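Naming convention: chains lettered A, B, ... in sequence-line order (proteins, then strands); numbering from 1 in each chain. Everything quoted here is computed from the prediction, not taken from an experiment.
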There are 2 protein chains.
Amino acid sequence: MEVRRDVFQAIADPTRRAILTMLTLQALTPGAIAANFNSSRQTISKHIQILAECELLRHHYSGREIYYQLNPVKMKEIADFIEPFKAIWDTRLNQLDEILNQLKNK
Amino acid sequence: MEVRRDVFQAIADPTRRAILTMLTLQALTPGAIAANFNSSRQTISKHIQILAECELLRHHYSGREIYYQLNPVKMKEIADFIEPFKAIWDTRLNQLDEILNQLKNK
DNA sequence: ATGATATGCAGCTATTTGACTGCAAATATA
DNA sequence: TATATTTGCAGTCAAATAGCTGCATATCAT
């Protein structure tokens, strides 16, 4: 497990993506998060650690409980990677629009 | 190697991300792509296969050469995953704007 | 026809991953 | 104080990953 501090590695796992999505609504404790999965609590805890290591999650203590919450800005790294591709598919769609318009004007 | 047809798994590898970025400019043959890396041609070829398997790449033949090109629309799957998070970080930034405006109006 | 080039596929190997269990520490509750 | 709850950490293990080499096939050039 050890060193995996890469955002792209982090979101490669479907369980971790589910955790991230789950946290869009509210901050949750590891126990509460794990309750939603069939895997063991420790397994989910490791996934949380990985997400926290690459700063996709932040946390704060409340007694013995730890609340994990999203650090949505970190997701921008992924968005930034996609951006150039988005430009391409937008272009393709615009070209399609243009063709459709030309057809319409006939 | 075998079964990895998931877009998120595909972009987890930095070499594969580099290949994708490389192909934003133009379609390239496996040989041309591999020339940009230190890894062996066969290794790069496997990465290309993985990208093609999950439909991030398309290809067409030209004699014995095979040109691989982006299927940018497939990248939308990733964009769609990020969308909800984007909404959150936009909200945060808007809230910040609002606070700054309130300070300005005093 | 012969040799060179471009490519994919099969097989091997070290490392990484994701799951599990057990245990220890810290905090809450009775 | 004794017990229960919440959490993290260490260790184990099977499967997956990413790299390599060797080889077969198809096409181009001489």
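Closest to the B:Ser40 side chain, of the nucleotides D:dC20, D:dG8, C:dG18, is D:dC20. Considering only the side chain of A:Thr29, D:dT7 comes nearest among C:dT17, D:dT7, C:dA19.
Residues in residues 7-36 of chain B take part in these ring pair (Phe, Tyr, Trp, His ring centres under 6.0 Å) pairs, two or more places apart or across chains: B:Phe8-B:Phe81. Among residues at least two apart or in separate chains, side chain to side chain donor-acceptor pair (under 3.5 Å) pairs with a member in residues 30-41 of chain A are A:Ser40-A:Thr43.
Judged by distance alone, the side chain of A:Ser62 and the main-chain N or O of A:Glu65 form no donor-acceptor pair under 3.5 Å. Under a 3.5 Å cut-off, the side chain of B:Asn71 and the backbone N or O of B:Glu55 do form a donor-acceptor pair.
Atom CD of A:Gln49 is separated from atom P of D:dA10 by 11 Å (rounded to the nearest Å). Regarding A:Lys46, its NZ atom lies at a distance of 10 Å from the P atom of D:dA10, rounded to whole Å. In this structure, B:His47 places its NE2 atom 14 Å from P of C:dG8, rounding to the nearest Å. Protein atom NE2 of B:His59 is 11 Å distant from nucleotide atom C1' of C:dG8, rounded to whole Å. Separating the CD1 atom of B:Ile11 from the C1' atom of D:dT17 is a distance of 17 Å, rounded to the nearest angstrom. One interatomic measurement links the two molecules: CG of A:Asp13 to C1' of D:dA15, which rounds to 14 Å at whole-angstrom precision.
OP1 or OP2 of C:dG8 has at least one side-chain nitrogen or oxygen of B:Ser45 nearer than 4.0 Å.
When heavy atoms are screened at a 4.0 angstrom cut-off, B:Tyr68 is found touching the sugar-phosphate backbone but no base atom. Across all strands, B:Ser39 comes closer than 4.0 Å only to sugar-phosphate atoms, never to a base (heavy-atom distances). Counting any heavy atom pair closer than 4.0 Å across all strands shown, A:Tyr61 reaches no nucleic acid atom.
In summary, of the residues considered (A:Ile78, A:Thr21, A:Val73), a side chain to side chain contact (heavy atoms under 4.5 Å, CB included) with B:Phe85 occurs for A:Thr21 alone.
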Legend entry - Base versus backbone protein contacts along nucleotides 23-30 of chain D [heavy-atom cut-off under 4.0 Å; B, S, -]: B---BS--

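Salt bridge annotation for A:Arg17-B:Asp6: present, with a cationic side-chain nitrogen under 4.0 angstrom from a carboxylate oxygen.
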